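Note that this is a predicted model, so its numbers are computed, not measured.
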Amino acid sequence: TICDVIKKVNPKGTIIAGNSVATSIPEILLTKTKADIGVMGESDITIVELLKSLIDGLPILEIEGIVFKEDGRVCFTPKRKVVENIDSVGFPDWNIFNISKYQEYSQSNAISADSNENPDEDVVYYPLNSARGCPFNCTFCYHVFKGEKYRRYSEDEVIGEIVRLKNVYKCNHIGFWDELTFSSIKGVRERIKKLNELDFKVSWTAPIRGDLFKKEHVSLIRELKSTGCNALGYSLENASPDILKAINKRMSVEQFVEQSKALWDGGITPLTSVIFGYPQETPESIRLTIKVCEECNMFPSVGYLLPLPGTPIYEWAKDNGHIKDEEQYLQRVGDRQDFHVNLTKMPTQEMISIVTEELGKLAKKQGLKLDSVLKTGGYKKVDQKKNARIK
């Protein structure tokens with residue numbers, strides 16, 4: 001294992017960190033924690049080269065895409081280019097994990113309309129990444145592929161992985177864990193074609209943009225439903241035009257509403273999330289955002305703005321004195337459902353009260369009984385008897 005390799009190289013332990021922490025705050029990581037080496041950006045090739053060098057006792061200076069400490073200094077190697085053809089990377093070998101332990105949580109992870117209606121159904125859930133990155137650039141969002149070309153696995157590779165997951169692990173529900181699974185209608189049609197070639201059925205969910213489908217796509221959505229698609233997730237973020245502009249969302253509320261109605265008409269459950277707390281936020285924008293969710297017959301996953309390192313809104317928060325001590329801030333932040341920093345002109349408690357009160361009203365209208373309107377624990381199905389489907 002990797003741990004065994006590290007122990008051979010250094011019995012006291014060499015700590016390697018990666019992903020978004022090592023990529024967005026490498027200096028803080030190496031000066032404020034016990035981490036020795038950071039693997040930055042896409043790490044598939046980097047981590048293999050790094051471990052081989054450590055095993056052989058070779059210098060790591062020539063390995064692209066890492067940051068490390070040397071004589072008290074933080075040293076960076078040249079940035080590594082991303083893998084152009086991600087088919088060459090393949091998919092995870094799940095056998096190295098405790099599969100039975102992970103499958104205990106399959107039921108709760110399978111967030112779909114079907115699993116809500118059939119809670120006793122035996123769901124065997126696996127995540128599948130079919131793409132890397134996102135062609136959009138929202139000001140609050142950070143991931144290690146930020147600024148890189150959006151890349152998708154070929155449809156043959158994706159279908160091959162679905163077949164493997166079913167045959168080897170008895171998987172019957174796929175959760176596409178991409179930043180963005182479909183960037184175009186063409187991609188949707190390609191996925192439908194390939195899924196229809198399977199000789200078995202698998203249910204699945206995926207993240208999309210809030211403006212992918214239009215009302216003329218209802219028949220296509222029904223085709224998508226027939227392949228096993230139970231739900232599609234996409235973010236409204238906020239209904240204020242000023243806040244959407246600040247987010248650089250490049251989507252209108254009207255497009256979001258049109259897609260939501262089309263998905264309901266096509267039989268696929270729409271899931272959404274919203275953010276409260278951009279500097280332009282007001283009581284009116286909060287109420288408007290929740291009103292749009294009501295119009296679309298959706299109870300959103302709700303979070304407060306959580307400025308993350310490496311994002312424009314994080315830099316704005318620092319420049320405007322909202323984050324004075326980065327280390328203290330980073331140690332404090334956690335769930336986006338918890339309030340961490342107030343960038344608005346509203347008093348913190350006033351903002352929290354408006355959000356919780358308005359969400360409580362929405363839940364009541366939709367027939368939902370929630371212990372918390374923020375920490376809902378997943379998709380909550382609207383009571384259609386109390387809340388007629390949107391027209």
Side-chain angles (χ1 to χ4, degrees), residues 107-120 205 207 210 230-241 243-244 252-278 280-306 334-340 342 344 346-391:
Q107 185 70 52
S108 60
N109 279 335
I111 303 172
S112 68
D114 285 353
S115 63
N116 247 277
E117 292 170 353
N118 303 295
D120 297 326
T205 59
N230 292 325
L232 291 171
Y234 50 99
S235 297
L236 168 63
E237 311 301 8
N238 203 284
S240 162
I243 294 176
L244 286 177
S252 69
V253 172
E254 290 75 21
Q255 290 172 314
F256 173 88
V257 172
E258 182 177 9
Q259 172 165 284
S260 301
K261 293 181 178 182
L263 286 173
W264 278 123
D265 288 343
I268 291 179
T269 301
L271 311 175
T272 198
S273 63
V274 298
I275 297 173
F276 296 119
Y278 258 79
Q280 299 87 345
E281 195 79 80
T282 63
E284 291 73 26
S285 65
I286 294 172
R287 294 187 177 99
L288 178 61
T289 299
I290 296 174
K291 182 179 179 181
V292 170
C293 291
E294 180 182 358
E295 179 185 354
C296 295
N297 206 12
M298 303 161 79
F299 193 90
S301 168
V302 181
Y304 295 110
L305 177 63
L306 182 62
D335 290 346
R336 71 187 191 102
Q337 288 85 8
D338 297 321
F339 199 94
H340 298 288
N342 190 352
T344 76
M346 290 182 286
T348 299
Q349 194 51 53
E350 177 188 353
M351 179 181 172
I352 294 174
S353 295
I354 293 172
V355 169
T356 53
E357 287 173 10
E358 294 301 318
L359 286 171
K361 293 176 185 176
L362 178 62
K364 185 176 181 180
K365 290 178 181 177
Q366 295 181 333
L368 300 176
K369 295 181 180 179
L370 305 174
D371 294 329
S372 169
V373 293
L374 288 167
K375 300 199 175 186
T376 54
Y379 167 61
K380 299 298 180 184
K381 190 171 182 62
V382 172
D383 187 338
Q384 297 290 351
K385 293 180 180 178
K386 292 185 178 181
N387 190 43
R389 178 164 292 185
I390 53 180
K391 301 296 183 184

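Shown here for Met298 and Thr272, the closest heavy-atom pair between the two residues is CE-CB, 3.4 Å. A pairwise comparison of heavy atoms in Leu306 and Gly334 identifies CD2-O, 3.4 Å as the closest pair. The two residues Val302 and Gln337 have their closest heavy-atom pair at O-CG, 3.3 Å. Listed here is the closest heavy atom pair of Ala231 and Ile268: CA-CG2, 3.8 Å. Closest approach of Thr344 and Gly277 over heavy atoms only: CG2-O, 3.6 Å. Heavy atoms only, all atoms of each residue included: Ala239 and Thr289 are closest at N-OG1, 2.9 Å.
Between Glu358 and Lys361 a salt bridge is recorded (basic side-chain N to carboxylate O distance below 4.0 Å).
Remark: Lys364 NZ to Leu370 CG distance equals 13.5 Å, nearest 0.5 Å. Residue Leu374 holds its CG atom at 8.5 Å from CG of Asp338, rounded to the nearest 0.5 Å. Rounded to the nearest 0.5 Å, atoms OH (Tyr278) and OG (Ser240) are 11.5 Å apart. To the nearest 0.5 Å, atoms CG (Asn297) and NZ (Lys365) are separated by 12.0 Å. Taken to the nearest 0.5 Å, the CG atom of Leu244 stands 10.5 Å off from the CZ atom of Phe256.
A heavy-atom distance below 4.5 Å is not found between the side chains of Thr269 and Asn230. In this structure, the side chains of Val257 and Glu295 come closer than 4.5 Å at one or more pairs of heavy atoms. Contact check for Ser353 versus Gln349: side-chain heavy atoms found under the 4.5 Å cut-off.
Under the rule for a side chain to side chain contact (heavy atoms under 4.5 Å, CB included), the partners of Pro283 that lie at least two apart in sequence or sit in another chain are Arg287, Met346, Glu350, Ile354. With sequence neighbours excluded, the residues satisfying side-chain hydrogen bond (donor to acceptor under 3.5 Å, both in side chains) with Gln255 are Ser252.
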Please report the C-alpha distance between Leu263 and Leu232 in whole Å, then the side-chain angles of each, then the deciding distance to 0.1 Å, and finally whether the side-chain contact (heavy atoms from CB on, under 4.5 Å) criterion is met. CA-CA 9 Å; Leu263 286 173; Leu232 291 171; 3.9 Å; yes

Residue pair Arg336, Ser301: steps toward the side-chain contact (heavy atoms from CB on, under 4.5 Å) verdict: CA-CA 10 Å; Arg336 71 187 191 102; Ser301 168; 2.7 Å; yes

Determine whether Glu237 and Ile243 satisfy the following criterion, side-chain contact (heavy atoms from CB on, under 4.5 Å), listing intermediate values before the conclusion. CA-CA 9 Å; Glu237 311 301 8; Ile243 294 176; over 6 Å; no

Let's go through Leu236 and Val292 carefully: what are the C-alpha distance in whole Å and the side-chain angles of both, what is the deciding distance for side-chain contact (heavy atoms from CB on, under 4.5 Å) to 0.1 Å, and is it a yes or a no? CA-CA 9 Å; Leu236 168 63; Val292 170; 3.9 Å; yes

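A side-chain contact (heavy atoms from CB on, under 4.5 Å) with Glu281 holds for exactly one of Val355, Asn342, Asn238; it is Asn238. The side-chain contact (heavy atoms from CB on, under 4.5 Å) test with Tyr234 is passed by exactly one of Ser273, Ser260, Pro207: Ser260.
Within the 3.5 Å criterion, the main-chain N or O of Cys296 finds a donor-acceptor partner in the side chain of Trp264. Judged by distance alone, the side chain of Thr376 and the main-chain N or O of Val373 form no donor-acceptor pair under 3.5 Å. Between the side chain of His340 and the main chain of Asp335, a donor-acceptor pair closer than 3.5 Å is present.
Ring pair Tyr304/Phe276: centre-to-centre distance not below 6.0 Å.
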